[in-house]
Amino acid sequence: MADLTDEEFDRIRQILGREPNHTETGIFSVMWSEHCSYKNSRPELKKFPTEGPRVLVKAGEENAGVIDIGGGWAVAFKMESHNHPSAIEPFQGAATGVGGIIRDIFTMGARPVFSLNSLRFGPLSSAKNRRLFAGVVAGIAHYGNCIGIPTIGGEIYFDESYEGNPLVNVFCLGVLRHEEIARGAATGIGNPVFYVGSETGRDGLAGAAFASRELSEASRRDRPAVQVGDPFKEKLLLEACLELLESGCVAGIQDMGAAGLTCSTCETASRGGTGVEIDLARVPVRERGMTPYEIMLSESQERMLIIVKRGEEERVKSIFEKWDLPYADIGRVTGDGMMRVLNNGEVVSEIPARKLAEEAPVYHREAAPKAPPAPLENPPEADPQTVLPRLLSHPAIASKNWVYSQYDHTVRAGTIVAPGSDAAVFLIREADKIVAATTDCNALFCALDPRGGARLAVAEAARNLACAGATPLAVTDNLNFGNPYKPENFWQLREAVEGLAEGCRAFDVPVTGGNVSLYNESPAGAIDPTPTVGMVGLIEDERHITTQAFKQAGDVILLLGGEGSELGGSHYLKVIHGLKAGVPPRMDFVREKSVQAAALALIRSGFVKSAHDCSEGGLAVALAECCISGKKPLGAHVQLSEATPRVLFNESASRILLSVAGNSAAAALALLEWRGVPARRIGVVGGPRLVINEFSWEVAELYKEWYSAIGDLMSS
Amino acid sequence: MRCAVVRFPGSNCDQDCYRVLREACDTDYVWHKETSVAAYDLIVLPGGFSYGDYLRCGAIARFSPVMRSVIEEAGKGKLVLGICNGFQILCEARLLPGALIRNASLHFICRRVTVRVENMDTPFTNAGTTGALLELPIAHGEGNYFADEETLRSLDRHRQVLLRYADAAGRASAEANPNGSARNIAGVCNRRRNVFGLMPHPERASDPRLGSVDGKVIFESILQNG
Amino acid sequence: MRATVIVMPKESVLDPQGVAVREAIKHQGLQGVKEVRIGKFMEIELESGADEKDLHAVCRDLLSNPVIEDYRLQVHP
Amino acid sequence: MRATVIVMPKESVLDPQGVAVREAIKHQGLQGVKEVRIGKFMEIELESGADEKDLHAVCRDLLSNPVIEDYRLQVHP
Ligand SMILES: Nc1ncnc2c1ncn2[C@@H]1O[C@H](COP(=O)(O)OP(=O)(O)O)[C@@H](O)[C@H]1O
Ligand SMILES: [Mg+2]
C-alpha cells in the first residue's frame with residue numbers, strides 16, 4: 001500500500017514486533033488514513049470548546065455527541081462529508097453519505113428525526129456541474145425519502161473553486177432519553193460479537209483511504225470501488241437496532257462506515273479496553289472468493305457490529321429475523337487487547353486494537369500564512385435597479401425550492417418551519433420539544449480570510465437560529481479543505497479552526513463532533529476553505545417560532561445593527577463584477593450577540609411578525625426575500641440613508657430585519673434603545689412593489705426571477 | 001371503533017398515522033407478518049417505501065401475509081384506507097382500480113397542494129362538504145394516477161373520485177396538477193365505497209402547528225361512522 | 001437454468017422518462033431518434049426444473065402490472 | 001431502424017432491487033430462484049442510417065452509468 005510512509009511502516013513494525021502481512025498493512029493503511037485517524041488535523045481539533053452543562057457525550061468519545069434538551073431527553077447530531085465519492089458517482093455518493101450519517105446517529109441509541117445538507121458545486125453554466133448537482137440532490141432524496149427522515153434544510157453554493165470537487169456535507173439529528181445512550185464499546189469478556197445487515201461485497205474497497213487522496217486521473221481507475229446504498233435495508237437496520245437496544249441485550253454497538261469491519265472491531269475493542277476476535281469465514285458475503293483483505297476493508301453499506309450480552313443470543317436473533325436481516329455470530333470479546341482476525345480458524349492478522357485505533361501518528365504540518373486581503377479602495381459601481389434581480393436569480397441566492405421540493409421534508413409530521421426560512425424548525429414529538437437547525441458557511445469570506453470567515457459562519461448560524469426564535473445549544477462542523485501537505489492549505493485549516501473555536505466560545509456553545517475532509521482538490525487546485533457549521537437551537541415556547549417572510553400590509557420594518565458598509569467578499573462584487581476581493585466584514589462578537597439577544601427578546605415579548613438576517617446580497621436582497629418568501633408576495637416601502645450599491649449590497653454582519661405591527665413599533669424601538677442596540681424604522685410593508693428610495697421593483701417579477709432561477713438553469 | 005395501522009417493512013408514515021388515530025380511538029400497529037386484521041373496523045395502510053419501492057411501488061407489499069386478510073375484510077365491507085404508498089398497495093392488490101406511475105416531471109415532489117372534495121357520500125369524506133378545498137401535503141415520486149379511458153369513465157359514473165387536485169379557485173386545472181394524474185385524480189374509492197386510497201397525507205395536516213388541519217376531515221369522517 | 005423477463009409500459013401509457021431520454025439523445029447530436037421507450041430487464045438464475053407455467057404466473061402477478069405493463073418471458077434451459 | 005439497449009448493474013455492484021425481488025419470488029412459491037438482477041430495457045426507434053458508433057457513444061455517455069453499469073446494444077436495421 002503506497003499510502004503509508006516509511007516512518008509509518010517503522011512504527012507498525014515496532015507495534016507488531018515483526019513485519020506486517022498484506023492484510024495487516026491494508027488495515028493499518030485505512031485506519032491511519034486521514035479519514036479515520038485525523039492524523040493531520042487532530043492537534044487542531046483539540047482547540048474546539050467541547051464542554052458545557054448540557055453535554056452528555058463529548059466530541060470524539062463516540063460516533064456522535066449528545067446534548068441534553070431537558071425533561072430527560074437529549075439529541076445526538078453530527079455532520080459528515082461524502083465529497084470524494086460524490087465526485088465519482090454523484091447519486092450513489094450522496095446517497096451513501098446520507099446513509100452513513102444516519103447510522104452514526106442511531107448507533108448512539110437515538111431515533112433519527114431530521115436531516116440537513118450543505119452542498120457546493122462548480123457553476124451551473126457547465127453541463128457537467130449540472131449533472132453532478134442533479135445527481136447529488138437525487139441521491140440525497142432517494143435515501144432520505146425512502147428511509148423516512150425528513151430533510152428540512154441546508155445550503156447550496158456555486159463557485160469555480162468546486163469545479164471537479166463538489167462538497168456534499170450531510171447532517172442528521174436524532175432524539176433519545178438520557179438513559180438510552182448506547183456505547184460503541186466491546187465490553188464483557190466472552191460476549192459474542194454479531195454482524196448484522198447487508199452482506200459484504202467488494203464495493204467501496206478502501207474508500208477511507210480514497211477519501212484521503214486528491215482526485216486525479218488515477219481515481220477514475222478506482223471507479224468500481226463505488227458503493228451502492230440500500231435505504232430499505234437501512235430502514236430495517238434502524239428499526240431493528242432501536243428495538244434491540246430497547247431490549248437490553250446489547251453491550252455495545254458500532255456502525256460499519258469508513259474502513260468497515262476493520263474500524264468497527266478495533267474501535268469497539270479500544271473503547272472497551274478489551275480485545276475482539278472475529279472469524280471472517282462466518283461473515284455473510286455477497287461474492288465468492290473474497291480474501292481476508294477484501295472482507296476487512298470492504299465498505300459495503302448498511303452493516304452494524306453488535307456486542308451482545310452473553311445469554312441473550314436467542315432474543316437478539318429473533319429480532320434480526322423479525323426484520324429479515326442477514327446476521328451472523330462472528331466472534332467474541334477477549335481480554336487480551338488484540339484485534340485478532342481469523343479465517344476459518346487460522347489467524348490472518350493480530351494487532352493491538354488500541355494502538356491501531358488510537359495511536360496513529362500525529363503530524364504537525366507546516367503552515368504558510370497568506371497575506372491578508374487588500375481593502376478595495378474604490379469598489380466598482382453598477383445600477384441597483386438591475387443588480388437586485390441579477391443577485392436574486394444567482395443560483396447561490398435564488399430560492400432552493402428546486403432542491404427541497406425533491407426532499408420529503410414533511411414526513412414524521414414535525415416540520416413547523418419548512419425549508420425556505422433562515423432556520424428550519426422541527427417539533428420532536430417524542431420529547432415534546434421544538435428545535436431549530438441551520439447549516440452555514442460563506443466560503444467567499446473564508447477564501448479571503450479563513451479565520452474571519454469561520455468566525456462569521458458561526459455568527460451567521462447563531463443569527464439564523466435567533467431569527468427563528470431559538471437559542472443555540474451546540475455545534476457540529478465539517479472542515480472541507482485541500483491537501484494539508486501544502487503549507488498554504490494547512491494554514492487555512494488552522495486559521496479556520498481557530499476562527500470556529502473563537503465563535504463557539506463567544507456564543508458559549510460546545511462543538512459536539514464533526515468531520516474533516518481534506519484533499520479536496522482537482523487539477524485546477526484546492527477548493528476555497530469551507531468550514532461548514534451546523535448549529536442546533538432550542539425554542540422554549542411554540543409562540544416564539546418566527547419566519548422570515550413579511551406577514552401583513554401596514555407592519556413596520558425595523559433594521560437592527562445599522563446599514564453597514566463593508567463590500568469586501570460580497571456577492572455584489574463576485575456576481576456583478578467577477579471579483580473575489582476585498583476584506584470580508586468584521587465580526588465583533590459583542591455587538592453580534594447584543595443584536596441577536598435583542599431580536600430574541602422582542603420575539604419573546606410577542607412583538608415580532610417576521611425576522612430575517614442580512615447575509616448574501618446584503619440588505620436589499622434580505623428585504624426582497626422578506627417580500628417574496630411567504631405564501632403570497634408582499635411589497636414594501638423603504639427609506640435608507642442612500643440607495644448606493646455600498647448601502648444596498650454590503651454584507652456587514654450583525655444585522656437583522658424585523659417586522660412588527662404598526663402600533664407596537666414605538667414600544668419595540670424603545671426596548672431596543674434601552675438594550676443599546678442600534679435600530680431604526682426603515683419602512684412599511686405593503687403594496688405590489690418593493691420601493692427603496694428612488695428604486696422600485698414589482699415584487700411579482702422579483703419572485704419569478706428568484707423562485708424559478710435554479711429550475712430554469714437545470715432544464716436549459 | 002378499533003383501528004389497525006399496518007406496518008410493512010419500509011413503511012415510514014406508520015407512526016404519524018398511529019398518532020393521529022390514537023388521539024381519537026383504540027389503535028394498534030399490525031405487523032405485516034400477521035395473518036388477520038379481522039378484529040378491526042378500520043385498516044390503514046400508511047405511506048412509506050414498503051420493500052424499498054423496489055420493482056414497482058406497492059408491488060411486493062401486496063403479497064405480504066397480512067394482505068390476504070386485508071382483501072378478505074375489504075370484501076366484507078370493512079373500511080380500508082391507503083395513504084400514498086398505501087394507495088399504491090391497494091391498486092396493486094386490485095382493491096382499487098388503476099395504477100400510480102412515475103410523476104410526469106420525473107422528480108419526487110414534496111409540497112403542499114390544494115385538493116377539491118368531489119363527493120361526501122362515503123365514510124371517508126362525509127364530515128366534509130362537496131366542493132370544499134383542502135390544503136394537504138404531498139410527498140411522492142410515483143403519484144401519477146393512471147387508468148384506461150373506460151375505467152376513468154366508470155369512476156366518474158359511479159362517483160368514485162373523491163379528491164382532485166385543484167387551484168385556489170377550485171378548478172381542476174392542468175397547472176394545479178402536480179404529477180400528471182389522469183383528470184387530476186388525487187384519491188379514489190372502490191364501487192362499494194369502503195376502500196379509499198389517496199396520494200396526499202392527511203396525517204401530516206392534522207396539527208395546527210404544522211400549518212393545516214384540513215386532513216382531519218378524513219379522520220373525523222371515519223370516526224363518526226364508528 | 002436462466003430466465004429473462006422484459007417488462008415494458010403499454011402503448012397507451014405515457015412514458016415521460018422515454019420522452020426525456022429521447023430529447024437528451026437528440027441533444028447529444030443523434031437527430032434521427034423518433035421514439036424511446038423504457039422498461040425493465042430482469043435476469044433470473046434458477047435451479048433447473050422450474051416450471052415455465054409458474055414463471056409466467058410470477059411475471060403476471062409480481063413482475064409486471066397488467067394495468068400499465070406487458071411482459072415477455074424467455075427461458076434458457 | 002430500431003435499437004435495443006440493455007443496461008445492467010455491474011457484477012460486483014450491489015443490486016438491492018434484485019435482492020428484494022428474489023425474496024419476493026421465493027415467497028410466491030418459486031423456491032429455486034438463486035439470483036435476480038434488474039436493469040433497464042430501452043427500445044429506440046430511429047431514422048435509418050444512424051451510425052452504430054454514435055449509438056455506442058449515447059449508450060456510454062447517456063443511457064448507462066459506466067461507474068456502476070454495463071450496457072449491451074443491439075441494432076436491428
Ligand atoms: N440543500 C438544501 N436542502 C434543503 N434546504 C435547503 C438547501 N439549501 C438551502 N435550503 C433552504 O433554503 C433556505 C435559504 O437558504 P440560505 O440562503 O442558505 O439561507 P440563509 O442565508 O438564511 O442561511 C433555507 O431555509 C435553507 O434551509
Ligand atoms: Mg439567513
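- Identified by a heavy-atom distance below 4.5 Å to chain A, the contributing residues of residues 44-51 of chain B are B:Phe49, B:Tyr51, in residue-number order.
- The neighbour count for A:Glu243 CD, taken as heavy atoms of other residues, nucleotides or ligands under 6.0 Å away, is above 12.
- Residue contact with chain B, scored on non-hydrogen atoms closer than 4.5 Å, is absent for A:Asn401.
- No more than 12 heavy atoms of other residues, nucleotides or ligands shown are found within 6.0 angstrom of NZ on A:Lys704.
- Atom NE2 of A:His142 and atom CZ of B:Phe108 lie 12.0 Å apart (nearest 0.5 Å).
- Taking a 6.0 Å sphere around CZ of B:Arg68, one finds it holds 12 or fewer heavy atoms contributed by other residues, nucleotides or ligands.
- Heavy-atom pairs under 4.5 Å with chain A peak, among B:Ile138, B:Asn12, B:Asn85, at B:Asn12.
- Neither the backbone nor the side chain of B:Asp53 comes within less than 4.5 Å of any heavy atom of chain A.
- The contact between A:Ile147 and chain B is made entirely by backbone atoms, counting heavy-atom distances below 4.5 Å.
- For residues 198-210 of chain B, heavy-atom neighbours of chain A at less than 4.5 Å comprise B:Glu203, B:Arg204, B:Asp207, B:Arg209, B:Leu210, sorted by residue number.
- The contact between A:Thr415 and chain B is made entirely by backbone atoms, counting heavy-atom distances below 4.5 Å.
- In this structure, chain B has no heavy atom under 4.5 Å from any part of A:Lys233.
- Both the backbone and the side chain of A:Ile416 come within less than 4.5 Å of a heavy atom in chain B.
- Heavy-atom distances place no part of B:Ser105 under 4.5 Å from chain A, backbone and side chain included.
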Check the pair B:Asp16 / A:Arg429 against salt bridge (Lys or Arg N to Asp or Glu O under 4.0 Å), numbers first and verdict last. CA-CA 10 Å; B:Asp16 302 344; A:Arg429 289 186 185 270; 6.0 Å; no
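- For A:Gln406, the parts lying near chain B are the backbone and the side chain together; criterion is any non-hydrogen pair under 4.5 Å.
- Of the two parts of B:Pro137, only the side chain, counted from C-beta on, holds a non-hydrogen atom closer than 4.5 Å to a non-hydrogen atom of chain A.
- Enclosure of atom CZ in B:Arg2 by more than 12 non-hydrogen atoms of other residues, nucleotides or ligands within 6.0 angstrom is indicated.
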